[in-house]
Engineer: 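Quick one: the structure is below, questions incoming.
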Amino acid sequence: MNEKEILLEVRHLHKDYGNGPVLKDISLEVHKGEVVVIIGPSGCGKSTLLRCMNGLEPIQSGEILLDGKVITDSKTKWSEIRQKIGMVFQSYDLFPHMTVMDNILLGPMKAQGRAKKEVTQEAETLLSRVGLLEKRDAYPRQLSGGQKQRVAIVRALIMKPEIMLFDEVTAALDPEMVREVLDVMLELAREGSTMMIVTHEMQFARAVADRIVFLDEGLIAESDTPENFFTQPRTDRAKRFLNTFIFTK
Ligand code: ADP
Ligand code: MG
């Protein structure tokens with residue numbers, strides 16, 4: 001993995017919302033084709049880290065680079081960067097008054113000025129890959145949570161991002177719908193997509209990750225292979241965290 005090119009790099013990132021540090025000197029690299037899974041207790045800064053990478057939060061110091069170029073300076077056009085860094089959140093924020101297809105077409109047509117016909121074909125291909133082609137003309141309210149989340153993933157993928165960020169995308173789903181969404185992410189990983197995933201699904205984390213980053217109180221406490229992290233965590237904090245999950249399956 002080391003010889004592969006670095007796609008995204010965070011250097012000495014500090015983030016503070018105004019009442020104390022939230023991210024303290026975070027440095028990490030994501031290589032092309034790598035799947036990095038971020039885990040850690042609630043409130044440790046996982047969402048903040050992803051949001052900083054997508055320009056949704058200003059940072060106090062440090063820098064973030066995409067393809068070797070600094071993106072955390074005042075010249076950055078975030079509307080362009082966000083086409084390269086796709087993000088899917090816990091709440092599938094599809095536009096309720098638009099069909100599945102129109103939700104998907106909006107970004108590539110408006111932000112990238114692409115032709116409707118070409119994008120529609122791509123959207124159909126992606127929708128069938130996530131098993132939802134027959135829902136192309138449905139409205140979000142007619143979909144289950146798992147289906148909405150799969151549409152949200154397609155909506156991000158159609159922009160052809162270089163890296164995808166996923167922030168607890170299954171956390172709001174009923175248990176029976178979690179699998180169908182995780183399977184889509186596993187499939188993307190198998191195809192070589194570069195991804196950063198925040199999840200509390202530990203078995204999925206172990207299966208999908210090339211590397212696990214364990215965040216604790218705004219610091220990277222561990223960064224290791226899933227095998228090492230799950231079988232021999234080095235810090236007490238990680239041990240305690242893992243003990244709160246019951247591995248039954
Ligand atoms: P996680 O995703 O790991 O649960 P977050 O990144 O959401 O953690 O939050 C990290 C810390 O930053 C928490 O203490 C949280 O209360 C705080 N925080 C998150 N968002 C904001 C915000 N918009 N304003 C102020 N504090 C925030
Ligand atoms: Mg969070």
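Start at 1 and go down the list; that is how both ligands and their atoms are numbered. None of these values were measured; they are calculated from a predicted model.
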Engineer: From Leu13 CG over to Glu63 CD, what is the distance, rounded to the nearest 0.5 angstrom?
Structural biologist: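 It comes to 10.0 Å.
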Engineer: Would you say the side-chain atoms of Arg136 pair up with the backbone N or O of Ala123, donor to acceptor, closer than 3.5 Å?
Structural biologist: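 Absent.
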Engineer: Do other residues, nucleotides or ligands put more than 12 heavy atoms under 6.0 Å from Lys116 NZ?
Structural biologist: no
Engineer: Closer than 2.8 Å to the Mg ion (ligand 2), how many protein N/O/S atoms do you count?
Structural biologist: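 Counting protein N, O and S atoms closer than 2.8 Å to the Mg ion (ligand 2) gives 1.
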Engineer: Less than 4.0 Å between a side-chain N and a carboxylate O, is that true for Glu187 and Arg129?
Structural biologist: no
Engineer: For ligand 1, what is the set of protein residues having any non-hydrogen atom at a distance below 4.0 Å?
Structural biologist: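 Close residues (ligand 1, cut-off 4.0 Å): Tyr17, Val22, Pro41, Ser42, Gly43, Cys44, Gly45, Lys46, Ser47, Thr48.
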Engineer: More than 12 heavy atoms of other residues, nucleotides or ligands under 6.0 Å from CZ of Phe95: yes or no?
Structural biologist: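 Not more than 12 within 6.0 Å, no.
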Engineer: Between Asp183 and Arg179, does any side-chain N to carboxylate O distance fall below 4.0 Å?
Structural biologist: yes
Engineer: Show every donor-acceptor pair shorter than 3.5 Å between a side-chain atom in residues 215-223 and any protein atom, with sequence neighbours excluded, or say none if there are none.
Structural biologist:
residue: Asp216; atom: OD1; partner: Arg237; partner atom: NE; Å: 3.4
residue: Glu222; atom: OE1; partner: Arg234; partner atom: N; Å: 3.1
residue: Glu222; atom: OE2; partner: Arg234; partner atom: N; Å: 2.9
residue: Glu222; atom: OE2; partner: Thr235; partner atom: N; Å: 2.6
residue: Glu222; atom: OE2; partner: Thr235; partner atom: OG1; Å: 2.7
residue: Ser223; atom: OG; partner: Arg211; partner atom: NH1; Å: 3.2

Engineer: Let me check something: any side-chain donor-acceptor pairs from residues 83-90 under 3.5 Å, sequence neighbours excluded? List them with distances.
Structural biologist:
residue: Gln83; atom: OE1; partner: Gln112; partner atom: NE2; Å: 3.1
residue: Gln83; atom: NE2; partner: Ser79; partner atom: O; Å: 3.4

Engineer: State yes or no: do Ile197 and Phe245 share one hydrophobic cluster built from I, L, V, M, F, W and Y residues joined by side-chain heavy-atom distances below 4.5 Å, directly or via other members?
Structural biologist: yes
